[in-house]
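Written below as structure tokens is the structure these notes are about.
Just so we're on the same page: letters track the sequence lines, and every chain starts at 1.
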There are 2 protein chains.
Amino acid sequence: MIQLDDLDRAILRLLKEDARLTISEIAGRLGRPESTVHFRIKKLQEQNVIDKYTIVLGERLQPKSLAIVYIQAETPIIEDFLERYILYLMKTLSMFPNVLAVARSGKAGIIALIGEENREKLNRFVDETIRALPTLKKVEVFPIDSFTKGKEIVGFLVGV
Amino acid sequence: MIQLDDLDRAILRLLKEDARLTISEIAGRLGRPESTVHFRIKKLQEQNVIDKYTIVLGERLQPKSLAIVYIQAETPIIEDFLERYILYLMKTLSMFPNVLAVARSGKAGIIALIGEENREKLNRFVDETIRALPTLKKVEVFPIDSFTKGKEIVGFLVGV
DNA sequence: TATGAAAGACATCATGT
DNA sequence: ACATGATGTCTTTCATA
């Protein structure tokens with residue numbers, strides 16, 4: 001399996017903070033030679049410890065109003081139908097740009113993270129688009145007001 | 001407000017996919033001179049449209065079992081106490097490395113994203129650490145089985 | 001704001017300790 | 001694992017439109 005030592009972890013932590021740090025910067029901060037840092041990063045990429053490099057978009061492009069929505073479908077007689085219906089619902093939801101994430105929760109449940117400019121638009125989306133989906137048993141809305149951890153997911157998930 | 005044109009958006013989309021693309025690569029793909037692309041990226045950074053560059057960690061470092069947990073505190077007589085208690089709970093939860101995100105939901109609610117190696121450990125954490133917190137009215141667990149959108153948040157949020 | 005050219009910084013790789 | 005140096009590529013700046 002993967003054995004990360006302290007140097008690997010230190011490099012990963014620095015890159016997580018700022019993936020544009022140059023190798024010589026990292027080497028300087030950690031008091032290691034550039035060649036070593038270069039070698040480690042290359043290995044971390046090859047081993048897929050580093051999956052990808054990406055950007056987080058700033059607040060000005062982020063939706064101001066967020067909510068987690070839990071959707072539960074009715075359980076029909078034919079189970080195979082439920083399976084296909086859930087997958088269809090998830091794919092459908094995934095297509096909306098204001099639906100930031102969609103996950104399956106159990107046999108008949110879906111969790112979605114919704115983002116909109118303001119509370120009114122968010123409520124309207126939930127009422128007019130989500131609750132309007134056929135054959136739902138329950139739609140539970142958990143508004144998100146603030147973060148103490150993971151706030152950056154919004155800028156990470158939002159599209160352009 | 002911010003006016004992004006097609007070139008800005010194209011650059012952002014490319015950087016979102018791979019933030020290590022060189023300016024000359026991007027310039028080549030978009031059929032624009034390097035200096036123009038360089039100028040745009042610089043502006044996007046200054047305007048804070050690009051908030052930061054970061055890495056997403058691969059599956060081998062990610063928790064295999066995830067759940068959204070909704071926690072609702074009991075509403076006490078003194079409202080100011082609830083306020084401080086909720087903030088205390090959020091800060092406490094945020095300190096666990098396996099708690100990937102913590103958000104407030106309404107006056108008395110908290111939403112947390114929990115990650116663990118497997119289902120057993122996850123259930124144990126919920127039972128022994130979360131349900132053990134005092135003065136809770138309700139703890140609702142929504143296991144996350146798969147994603148159709150936003151799967152990458154796990155590698156984005158997980159620490160080293 | 002866009003572009004082209006030129007200078008400097010950087011990553012990368014090979015070789016040797 | 002670390003050092004050094006050679007090479008080509010990339011970023012960055014600046015002058016110009």
- Have a look at A:E34 and say if it touches a base, only the backbone sugar-phosphate, or nothing, with a 4.0 Å heavy-atom cut-off.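 Answer is nothing: A:E34 stays at 4.0 Å or more from every strand.
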- Task: Scan A:F39 against the nucleic acid and name what it touches under 4.0 Å (heavy atoms): base, sugar-phosphate only, or nothing.
- Result: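 Touches nothing.
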So, is [X] close to the [N] phosphate, meaning a side-chain N or O under 4.0 Å from OP1 or OP2?
| X | N | answer |
| --- | --- | --- |
| A:K42 | C:dA11 | no |
| B:R40 | C:dT1 | no |
| B:H38 | D:dT12 | yes |

- Mind listing the closest non-hydrogen atom pair of B:P143 and A:S105 along with its distance?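 So the two residues come closest at O-OG, 2.6 Å.
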- Any residue of residues 21-32 of chain B with a heavy atom less than 4.0 Å from an atom of DNA chain D: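 Here the set is B:T22, B:I23, B:S24.
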- Message: Quick check on contacts: within residues 45-54 of chain B, what sits under 4.0 Å from DNA chain D by heavy-atom distance?
- Response: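 Within this stretch, nothing sits under 4.0 Å of the strand.
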- Candidates C:dA2, D:dC2, D:dT12 - which lies nearest the side chain of B:T36: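 The listed nucleotide nearest to B:T36's side chain is C:dA2.
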- Can you check whether A:F142 and B:Y70 have ring centres sitting under 6.0 Å from each other?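 Aromatic pair counts; centres sit under 6.0 Å.
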- Query: With a 4.5 Å heavy-atom cut-off, do B:D51 and A:L57 have their side chains touching?
  - Reply: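 Counting from C-beta outward, B:D51 and A:L57 never come under 4.5 Å.
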Using whole Å, report how far [atom1] of [X] lies from [atom2] of [N].
| X | N | atom1 | atom2 | value |
| --- | --- | --- | --- | --- |
| B:I11 | D:dT11 | CD1 | P | 12 Å |
| B:R20 | C:dT12 | CZ | C1' | 11 Å |
| B:I41 | D:dT13 | CD1 | P | 14 Å |

- Message: Taking the basic N atoms (NZ, or NE/NH1/NH2) and the acidic carboxylate oxygens, is any pair closer than 4.0 Å for B:R119 and B:D145?
- Response: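 Salt bridge between B:R119 and B:D145, a charged N being under 4.0 Å from a carboxylate O: yes.
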